[in-house]
Trainee: 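Questions regarding the structure given below will be posed in turn.
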Amino acid sequence: MTQRIYNFSAGPAVLPVPVLAEAQRDLLALPNAGASILEISHRSSTFAKIIENCESDFRSLLAIPENYRVLFLQGGARLQFSMIPMNLLGAGSQTADYILTGSWSKNAIKQAELEGSMRIAWDGKETNYDRLPRSENLDLNPGAAYAYFTSNETIQGIQFTNEPEVGDVPLVCDASSDILCRPVPVDRYGLLFACAQKNLGPAGVTVVVIREDLLERCPADLSPMLNYRTHAEQHSLFNTAPTFPIYIMGLVVRWILDEFGSLDSLYRHNQRKAQLLYEAIDASDGFYMGHAQPDFRSVMNVTFRLPSDALSSQF
Ligand code: PMP
């Protein structure tokens with residue numbers, strides 16, 4: 001076997017070897033299909049089974065209620081930064097609340113502001129985005145179209161452990177860098193999305209979990225490719241779906257089910273792994289300087305610096 005290195009990249013991230021081995025084994029021809037996943041139609045019965053199984057395993061891992069739709073889209077998480085306000089702001093002059101916790105929520109706000117007016121419900125700038133707000137510190141607008149947060153700020157390495165309390169306003173979450181790392185109460189969300197290339201599979205597919213009633217807000221005059229309703233009605237097959245990333249995601253979610261059985265058990269595993277790194281940081285007498293305040297440390301992205309830029313780059 002080709003030598004594989006330890007790959008600590010936050011994303012595109014390492015994939016389980018059994019997933020890669022199965023994809024390699026079946027790359028020339030999927031069992032009973034006589035052709036590669038790279039060649040078959042997104043409307044073939046073979047692919048229909050792949051996307052159905054992928055969705056049903058993903059739903060069972062996250063315990064997604066029936067009144068939520070799962071969409072497999074393209075354009076990465078970045079396109080969601082625009083599609084969310086395009087679809088959910090609704091008619092009139094509604095605004096949305098954004099919780100500004102680091103680089104990715106900042107990017108999301110910048111893109112959303114091209115679509116309408118956004119309010120910042122909290123900003124972690126004062127302490128250089130090393131912590132997260134308590135719900136009581138949020139300045140929320142009860143009339144907001146939605147309230148947006150980033151469950152794990154990849155670059156800062158800070159992660160929410162509980163959903164922010166936003167009352168009846170639909171909660172929207174960028175879970176790109178922590179989806180499936182632990183169970184979440186999906187029924188508390190209006191919309192949850194994640195690009196695949198960190199926790200789900202390779203780049204090329206972005207998963208959106210949306211509460212069905214929110215589809216009614218999607219403006220009819222929006223370009224169909226940008227409209228959640230199109231993708232929900234067409235079961236993510238409006239245009240040619242990214243068959244390979246969806247196939248790999250299907251193998252990843254099946255692997256999680258086989259290997260861990262549940263997200264509870266996967267979460268315990270993630271906590272143990274993160275603890276090893278945080279213990280090393282804490283025991284280093286300040287040599288490794290963690291960015292996140294201890295209460296907000298991510299189990300996904302452990303961020304730290306060394307005493308000088310030269311040492312950091314050598315590391
Ligand atoms: N949100 C978060 C939390 C991320 O970590 C990333 C990827 N680094 C993105 C959004 C952007 O994802 P994409 O490149 O798929 O647009």
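Counting starts at 1 for both ligands and their atoms, in listed order.
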Trainee: For ligand 1, which atoms, with element, lie under 4.0 Å from some heavy atom of C195?
Mentor: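 It comes down to these atoms of ligand 1: 12 (O), 15 (O).
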Trainee: Where do V169 and A144 come nearest, in terms of heavy atoms and distance?
Mentor: CG1-O, 3.7 Å
Trainee: Only heavy atoms of T154, strictly under 4.0 Å: list the atoms of ligand 1 that pass.
Mentor: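 What qualifies from ligand 1 is 2 (C), 3 (C), 4 (C), 5 (O).
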Trainee: One pair to check against side chain to side chain donor-acceptor pair (under 3.5 Å): S176 and D174. What are the steps and the verdict?
Mentor: CA-CA 6 Å; S176 291; D174 176 358; 2.7 Å; yes
Trainee: Which of the atoms in ligand 1, numbered in the order shown and given with their element, are less than 4.0 Å from a heavy-atom of D174?
Mentor: 1 (N), 2 (C), 3 (C), 10 (C)
Trainee: Tell me, which pairs form a side chain to side chain donor-acceptor pair (under 3.5 Å) where one or both residues lie in residues 219-245, sequence neighbours left out?
Mentor: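 As it turns out, the side chain to side chain donor-acceptor pair (under 3.5 Å) pairs with a partner in residues 219-245, which skip direct neighbours, are Q80-Y228.
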Trainee: Name the orientation class of the two ring planes belonging to W104 and F81 (parallel below 30°, tilted from 30 to 60°, perpendicular beyond 60°).
Mentor: tilted
Trainee: Does Q197 reach ligand 1, in the sense of a heavy atom lying below 4.0 Å from it?
Mentor: yes
Trainee: Please confirm whether R78 comes within less than 3.5 Å of ligand 1 when only nitrogen or oxygen atoms on both sides are compared.
Mentor: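 Min N/O separation from ligand 1 is below 3.5 Å for R78.
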Trainee: Grouping I, L, V, M, F, W and Y whenever their side-chain heavy atoms are under 4.5 Å apart, do L214 and L73 come out in a common cluster?
Mentor: yes
Trainee: For ligand 1, which atoms have a heavy atom of F81 less than 4.0 angstrom away?
Mentor: 10 (C)
Trainee: Using a strict 4.0 Å cut-off to heavy atoms of K198, name the atoms of ligand 1 that fall inside it.
Mentor: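 So the atoms of ligand 1 that pass are 4 (C), 5 (O), 6 (C), 7 (C), 8 (N).
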Trainee: Any side-chain donor paired with an acceptor under 3.5 Å for N67 and E212?
Mentor: no
Trainee: Just let me know how A77 lines up against ligand 1, side chain, backbone, both or neither, with a heavy-atom cut-off below 4.0 Å.
Mentor: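 It is both backbone and side chain that touch ligand 1.
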